[in-house]
Structures are given as C-alpha cells and as structure tokens.
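Following: one structure in structure tokens, then a few remarks.
Letters A, B, ... mirror the listed sequences (proteins, then strands); counts begin at 1.
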Amino acid sequence: MPIEITFPDGNKKTFDGPVTGLEIAQSISPGLAKRAVVVSVNGELWDLTRPIDRDATINIITRDKPEALEVIRHDAAHVLAQAVQELFPGTQITFGPATETGFYYDFARDTPFTEADLEKIEQRMREIVKRDLPIRREIWPRERVIEYFRAQGESFKAEWVTEGIAPEEPISIYRQGDTWLDMCLGPHLPSTGRLGNAFKLTKVSGAYWRGDASNAQLQRIYGVAFATEDELKAYLKMVEEAEKRDHRKLGKQLGLFHIQEEAVGQVFWHPKGYTIYRLLEDYIRNKIAQHGYVEVKTPLLMDRKLWETSGHWEWYRQNMFVAEVDEGDERKAMLAVKPMNCPGHMQIFKQGIRSYRDLPLRMAEFGSCHRYEPSGALHGLMRVRGFTQDDAHIFCTPEQMPAEAAAAGRLIFEVYRELGFDKVEVKLSTRPDKRIGDDALWDRAERELAHACELMNAPYTINPGEGAFYGPKLEFTLYDAIGRPWQCGTVQVDFNLPERFGIEYVAEDGSRRRPAMLHRAVLGSLERFIGILIEQYAGALPFWLAPVQAVVAPIVSDADGYAIEVCAALKAAGIRAESDLRNEKINYKIREHATQKIPVIVIVGRKEAEERTVTLRFRGEEKQETLPLGDAVRRLRESR
RNA sequence: GCCGGGAUAGCUCAGUCGGUAGAGCGACUGAUUCGUAAUCAGUAGGUCGCAGGUUCGAUUCCUGUUCCCGGCACCA
C-alpha cells in the first residue's frame, strides 16, 4: 500500500510502503538525517525509527529545535539510568523525565549516591554515548511487561504498570542496546550516540516515589543537558551569575541583615537593610493611600476563640505558634500568634454599624505574621517564619467585587513595573480538596476572579486545586532579571470569613446584607520582596532604594573638613550620605565603596576644596564629573 | 518533616592518618598624605556548633543534637 507523506511546505512524496522518519530524511539529504532527532507525524512526536504506516503530514525535527531538546534531555535520563544499573547492579529504576534545564532519574537503592559516584556515573554515560547503542521501540502486552519487571526485581516499574497505566493502553518499551530497556512513552533518539556530550550531572538528592512524602524515599540524580556544548557552557555561566546574586551572600557582604540559630526563620535587620525595608514600606504606604486604602494595625496575639471562629484553628493549626499563659486558678489562656491578618480586620469591620456608603472599605496593614514553616522550607529571606505582609482586605458589596479585584490587580501590575519588573504572569488557583464553604460559593468566586482578569485585560492560566482553603485566588508571578519566577502578589476571594464572623452592612433598602471580601497582597512579604530586589539588582539597588546613596571620600586629610561639609550639605538635602575619612588611599576607598555598590562616590581633594566643587563617580561608570557643590546636591536630589 | 552534605578567627577558607590549630581579608597600633578598584610594618583575635562516648589524650573517631546548604515534600 503506497504511503503519501506531506511536508510542512506542502510538498508531497509517495513511498511504496511504511517508511520511517529516518528513511524520509535520508531520502532528502544525509545531512538532514544526521541532524534529525525526532519526527512530528500529524502533530505527534514519533521516533525516527518508527514506521509511518499511513498517509501523514510530517515535520522532521532537527537538533536545534526546542522540541528536540526535550527528547535529548529525556534520552540523557535513560542513558543515566543505564549507566547507574551497569555500575550499581540491584538498583531499581523508576522515573526519569526531562526538566527545564536537563533531566533527572529517580532510583530505588538503599545506599544513597555520593558526589564521587556522580563522576563515575557521568563517565559511564559518556561511554554509553560512545557505544552508540541503537534505541528501539517495541509494544508489549501488559502481562509481559508486568512479568518482565517482576522477574527483574523492578517492583516500582511493575507497580506503575498495574496502578498507573489504564489496562487498554498499549505499553511501549524502549530497548537501549541488547541488554537494557525501560518502559517509556517516548519518543527517543535513534541511538545513544545522538545524545552528544553537552550534559553534566549536577546533584544528588532524595525524592519520594510518586511525589508523596508517605511513600518510599528514592535517590534522585539531576543533570543538565543541551543540544550543543556552547549552550551548556552558557548555562553553567548563568548558574554562576545567579550564585553571585544570592541575597543571602549579598546580605552579609553589604551588611543588610542576619539570621541566627536562636530565631530560626526570622530576620535581624541591620541599619542598612532596615533602611531598604522602610523605604519599600513607605513606597507602598503612599501608593495605597493614593488608591483609596486606609491603614490599620491589629494585635499579634489573639485568643484561640477567634481562630476557632475563623477556621484557622481547625485548618491551619499545625502552622501556628501558640502561646499558653497561666492566669492562676488553673485557668489557662490560649493565644495564637497571627499567621494572617484577616480575623483582626474582621474585628475592626465589626465595630459599629456599616452602611453600604462605607463600601468598598479597603483596609490595609503591614501585618507582622508568623507561621511555623517546615524546617526544610526555610531559605534566607525568601521563606521565613516571621514576616510582614503588605496585606489588605477589601470589604465590598457582591456587585462591587469583580471591579475591586481588578483594581487590586492593576495596582499590583503598577507596583511591579515601578520596581523594575516588566514580565508578570497571572494564575487563577481554584478550589483545593481541603476547603471550607459549599460548592455554589466556590463556583461563584472562581467565576468572579476570571471576570476580574478580563476587566484588567490580563491573560491568565488556571492552576487547578491550588486555591486557599477559604477561597480561590489570583496569583501574580513576576520574572526577575535572569528569568527566574517569583510568586508575590495575590488577590483572593473569601465568601467564607464574612459568613463565619457574621459581618453585615446596611443596604440602601435598609436590609442587612453580607459583604464580600477580598484578601490581597502586592509585594506579598516585605522580607521576601527585598530578597528578590537584592537578587534582581545583584545588590546594586536603584538610587532611591540604596541604603547609602553617596559616600564622600577625601583624597588627602587636608580635605577632611570640606568632606564633612559636603556630607552635611547632602544630608540636608535628604540624601543618605556618609563620609569616609579613614587614612587610606583614594584607590582603596573607591574599591571598597564600589564593592559595596554605593550609587555615587563623591571625591574631594585639595582642588575641590579650594574651588568648592566635588567630583562625582557613579556606580558602574569609569568616567566622572566635577561640578560645583550646589549643582551636585541638586543633581543627586533629583536622582531616582 | 524526609534524603544527602556541612559547621574551624568578624569574613572567606586551609589543616590535624588522635598529641588542643593556620592563611588572606577585616579589626587594632604605628608609619605614610599618596588624584580614581587593595600603601607598608607590627599586634590582638579560636571552648575547631553543642552534649555525651571511646581513649593516657578528641577539633580529629563514634553516638545524639542544633543550625546551615542542595534537593524532595510543604507554601493555607
């Protein structure tokens, strides 16, 4: 039976019978066949060696295409698995997918792999690549697959066939050479030689079987892989760059903050770090005042009863710090440190009678919250146990809700843009399994958030099951200068808390109604956001956020008096300036303040002192400028 | 929380096959006044994370523990 193959450009070619992608490529040019990785058959990626047995539109995917990269990475995982089983007999294979930058494979083995093992394994992988083993796809009956893996002692694979694959689904097996095989959906390269050498094993770690902490612990080996060695090199360089930006390292070098054993997950802000904190807080404070918010402050410790009403005691207890106080007479008060600000804001709303005229009421708080995060989750400023949310709760009529949610979203976009983040993505997280409130409320809340996205013209994706226990949410993820995503802002609908606290307002017709409520945070947590800013700017914060904006450095001690005068003039103009009168050479001072990422070094020598000028040296620039003191002050005052 | 690795001077790190430790930077003191990314010399500074055990002797070996790091799980 002849097979008609249609190419992407519309050209057609007829073959006498079933033909493989590799044969088609070969018939076009040997060069193409060499660069080919997989073939897209009617939009589905197939192995190059899999016969195409019907008319089809095909596209031969070469090494340089993004789709090819995933196949290369997935192959790397298989080569890794073979290498491990060759070197460590008795190790079971489980799963090994491609990742954003490479691949991993999870193994079941009693003894964990060491860093030294990685080297050996990587060597063996390169050897397998050199062997250029053919990779062949086979379809096996289900029973044969189960039998085979059981006989091999591969209990995880066998379990997956029985529990994870529907009985009617065909099972594809990929043979790599004569002795090794894995069950896999594919597609794969025609042989191991095509993997190339642009890969590297990076780390070992633990992982759970099927991603569940109650299952067996597996040993995961991670690697990175690319189509070319240049790309691998570029990637490794990028990782090095990211390490240099690490806010924990910069925080220490720049003297911003520290964390210590006696207050795990909490931040000691040093003067410079706290300056950034206050500047950011003031920025948000002014911003939200312009957007019609009022600011409040509520207690850190509140009685257990309140948390029972809110539902936190039942749903969030394991993450809360609880304080027990002996009040004598065997009475004990049980208080909880707030993990969220909402119940507190409810109490303010409940004071007195609210009219529809009071709505929407946008109640903001820089709320100091504490959550008992799992020890393994803690990470510098990014994940802490004590943090400050730039939180707000918006009480409104149900009708006002979508518009209010959209306004909050617009505020978030505006702030991110002003802080230097242009790429922002929105996700709509829907009802989780563990939740309060009936489905009708959830239906409505989810619909209204989607509507809000339309109102603010923001495309969004759905994040199923990721909502909070009390309502669905919009999550705002920003991307930093080196492309890493950070989830910060959030807008959450809550029809449940108003119900639980029984809050009401008097409507136009005199009836009592239940307001809708939104939770929203722009930065999320000040701590975390400062961490992101430090990494975004690699510590070189924009002028307005720099804790020390200018350092006045005299060249000789004769100029010390003038330097003090210059520093005072800058301070009088509201510039955060310091002077460096140490008995050191100017080279030394410049190096130090450049390393400290100070935006402007103000240099004064004998000449400047006589002429009443200063020489400005801006961060990151070699050239400098000498100008009259008054002009310099004006210039810096206007800097951002 | 789980798996693995780690903790030595203020910082970055070396070292001790078991005999209580060392460098650079920083700090301090002195000299130097030197115009654009590290001036020279000297001095001080350590319960080798913490608690047990083995040992004549432990920073080193063993056990426990705390914290940190990389993943996993978690992120309401």
Side-chain angles (χ1 to χ4, degrees), chain A residues 99 104 106 109-118 202-222 243 246 248-249 252-253 255 258-265 310-312 314-320 339-340 342 369 371-380 382-385 387 429 432-436 466-471 473 475 487 490 492 494 519 524-525 528 553-560 582-596 601 603-608 615-617 619-624 626:
Chain A
T99 63
Y104 66 78
D106 286 346
R109 181 174 185 247
D110 290 337
T111 347
F113 297 105
T114 64
E115 301 280 334
D117 293 335
L118 278 195
T202 50
K203 51 197 165 202
V204 283
S205 88
Y208 299 106
W209 169 238
R210 295 165 81 168
D212 186 335
S214 57
N215 285 343
Q217 178 104 33
L218 306 173
Q219 308 299 330
R220 177 172 296 181
I221 298 180
Y222 279 95
E243 272 164 22
D246 191 316
R248 293 166 301 183
K249 203 165 155 182
K252 200 182 267 182
Q253 280 166 7
H258 86 270
I259 295 172
Q260 69 186 45
E261 224 174 294
E262 293 81 358
V264 173
S310 70
H312 287 85
E314 187 187 348
W315 294 92
Y316 202 61
R317 178 69 206 285
Q318 71 279 14
N319 289 291
M320 288 163 69
M340 298 181 200
C342 20
C369 295
R371 300 177 185 177
Y372 189 80
E373 301 286 357
S375 56
L378 301 175
H379 181 90
M382 301 304 194
R383 190 82 179 270
V384 285
R385 287 183 177 157
F387 57 97
S429 293
D433 295 336
K434 234 177 106 176
R435 61 176 184 262
I436 50 180
E466 294 296 317
F469 72 82
Y470 48 76
K473 56 187 183 184
E475 291 179 334
Q487 202 249 293
T490 158
Q492 316 183 356
D494 192 338
H519 306 244
S525 113
R528 179 177 155 86
I555 294 165
V556 290
S557 48
D558 285 356
D560 283 2
R582 291 175 303 172
N583 177 10
E584 294 291 351
K585 288 169 75 169
I586 193 64
N587 290 340
Y588 182 91
K589 294 183 185 178
I590 284 171
R591 179 184 158 80
E592 175 154 313
H593 300 123
T595 309
Q596 286 292 307
I601 303 173
I603 294 157
V604 294
R606 284 205 185 86
K607 195 165 128 248
E608 283 86 353
T615 296
L616 300 183
R617 184 185 165 115
R619 184 174 59 199
E621 290 174 35
E622 287 284 315
K623 66 174 184 324
Q624 54 219 322
T626 302

Rounded off to whole Å, could you give me the [atom1]-to-[atom2] distance for the [X] and [N] pair?
| X | N | atom1 | atom2 | result |
| --- | --- | --- | --- | --- |
| A/Met320 | B/rC75 | CE | C1' | 16 Å |
| A/Glu622 | B/rG35 | CD | C1' | 14 Å |
| A/Tyr222 | B/rG70 | OH | C1' | 10 Å |
| A/Asp110 | B/rG4 | CG | C1' | 15 Å |
| A/Lys589 | B/rU39 | NZ | P | 12 Å |
| A/Lys607 | B/rU36 | NZ | P | 12 Å |
| A/His379 | B/rG1 | NE2 | C1' | 19 Å |
| A/Asp246 | B/rC68 | CG | C1' | 13 Å |

Shortest non-hydrogen contact between [X] and [Y], atoms and distance:
| X | Y | value |
| --- | --- | --- |
| A/Pro339 | A/Arg371 | O-NE, 2.8 Å |
| A/Ile590 | A/Ile601 | O-CD1, 4.0 Å |
| A/Asn215 | A/Trp209 | ND2-O, 2.8 Å |

Show the numbers, then the answer: is there a side-chain contact (heavy atoms from CB on, under 4.5 Å) between A/Val204 and A/Glu115?
CA-CA 7 Å; A/Val204 283; A/Glu115 301 280 334; 4.0 Å; yes
At less than 3.5 Å, do the side-chain atoms of [X] and the base atoms of [N] form a donor-acceptor pair?
| X | N | result |
| --- | --- | --- |
| A/Arg220 | B/rC72 | no |
| A/Tyr208 | B/rG71 | no |
| A/Glu608 | B/rG35 | yes |
| A/Arg109 | B/rC3 | no |

Taking [X] for its side chain and [Y] for its backbone only, find out whether a donor-acceptor pair lies under 3.5 Å.
| X | Y | result |
| --- | --- | --- |
| A/Arg383 | A/Gly376 | no |
| A/Gln492 | A/Glu475 | no |
| A/Lys589 | A/Arg582 | yes |

Provide the distance between the two [atom1] atoms, one in [N] and one in [M], to the nearest whole Å.
| N | M | atom1 | value |
| --- | --- | --- | --- |
| B/rU60 | B/rA9 | P | 15 Å |
| B/rA21 | B/rU66 | C1' | 25 Å |
| B/rA14 | B/rC48 | C1' | 13 Å |
| B/rG49 | B/rG10 | P | 13 Å |
| B/rA37 | B/rG42 | P | 27 Å |
| B/rC17 | B/rC61 | P | 10 Å |
| B/rG52 | B/rA44 | C1' | 34 Å |
| B/rG57 | B/rG19 | C1' | 7 Å |

Kindly point out which of [options] is positioned nearest to the side chain of [X]?
| X | options | value |
| --- | --- | --- |
| A/Ile555 | B/rC72, B/rC68, B/rG35 | B/rG35 |
| A/Lys252 | B/rA37, B/rA73, B/rC11 | B/rC11 |
| A/Lys585 | B/rG35, B/rA73, B/rC34 | B/rC34 |
| A/Gln219 | B/rG35, B/rA37, B/rC3 | B/rC3 |

Under 4.0 Å, heavy atoms only, any strand: does [X] hit a base, just the sugar-phosphate, or nothing?
| X | result |
| --- | --- |
| A/Gln260 | nothing |
| A/Tyr470 | sugar-phosphate |
| A/Lys249 | nothing |
| A/Pro112 | sugar-phosphate |
| A/Thr114 | nothing |
| A/Ile586 | sugar-phosphate |
| A/Arg606 | base |

N-O pairing of A/Arg210 and A/Asp212 below 4.0 Å
no
Earlier contact from the 5' end, RNA chain B, for A/Lys203 and A/Glu373
A/Lys203
Please compare A/Arg248 and A/Glu475 by the position of their nearest nucleotide in RNA chain B and report the one closer to 5'.
A/Arg248
Separation between [atom1] of [X] and [atom2] of [Y], rounded to the nearest 0.5 Å:
| X | Y | atom1 | atom2 | value |
| --- | --- | --- | --- | --- |
| A/Tyr470 | A/Met340 | OH | CE | 5.0 Å |
| A/Lys203 | A/Leu118 | NZ | CG | 11.5 Å |
| A/Lys252 | A/Asp246 | NZ | CG | 10.5 Å |

Less than 4.5 Å apart, side chain to side chain, heavy atoms only: is that true for A/Glu466 and A/Lys473?
no
Answer whether the closest heavy-atom distance between the side chains of A/Arg606 and A/Ile555 falls below 4.5 Å.
no
Report all interatomic pairs (protein N or O, nucleotide N or O of nucleotides 7-10 of chain B) with separations under 3.5 Å.
none

Tell me, which stems hold RNA chain B, with a stem being 3 or more Watson-Crick or G-U pairs in a row and both distances under 3.5 Å?
B:1-7 with B:66-72, B:10-13 with B:22-25, B:27-31 with B:39-43, B:49-53 with B:61-65
Could you list the residues that satisfy ring-ring contact (aromatic ring centres under 6.0 Å, His included) with A/Tyr222, not counting sequence neighbours?
A/Tyr104
Taking ring-ring contact (aromatic ring centres under 6.0 Å, His included) as the definition, give me every residue that meets it alongside A/Tyr372, ordered by chain and number, with sequence neighbours left out.
A/Phe321
Strictly under 4.0 angstrom, non-hydrogen atoms only: write out the protein contact profile of nucleotides 24-31 of chain B, one letter per nucleotide from the 5' end, B, S or -.
--S----B
Base, backbone or nothing for each nucleotide of nucleotides 43-50 of chain B, written B, S, -, heavy atoms under 4.0 angstrom, 5' to 3'?
--------
Would you say A/Ser375 places a side-chain N or O within less than 4.0 Å of OP1 or OP2 belonging to B/rG1?
yes
Indicate whether any N or O donor in one side chain lies under 3.5 Å from an N or O acceptor in the other, for A/Glu608 and A/Thr615.
yes
Can A/Leu378 and A/Glu373 be said to form a side-chain contact (heavy atoms from CB on, under 4.5 Å), step by step?
CA-CA 7 Å; A/Leu378 301 175; A/Glu373 301 286 357; 4.1 Å; yes
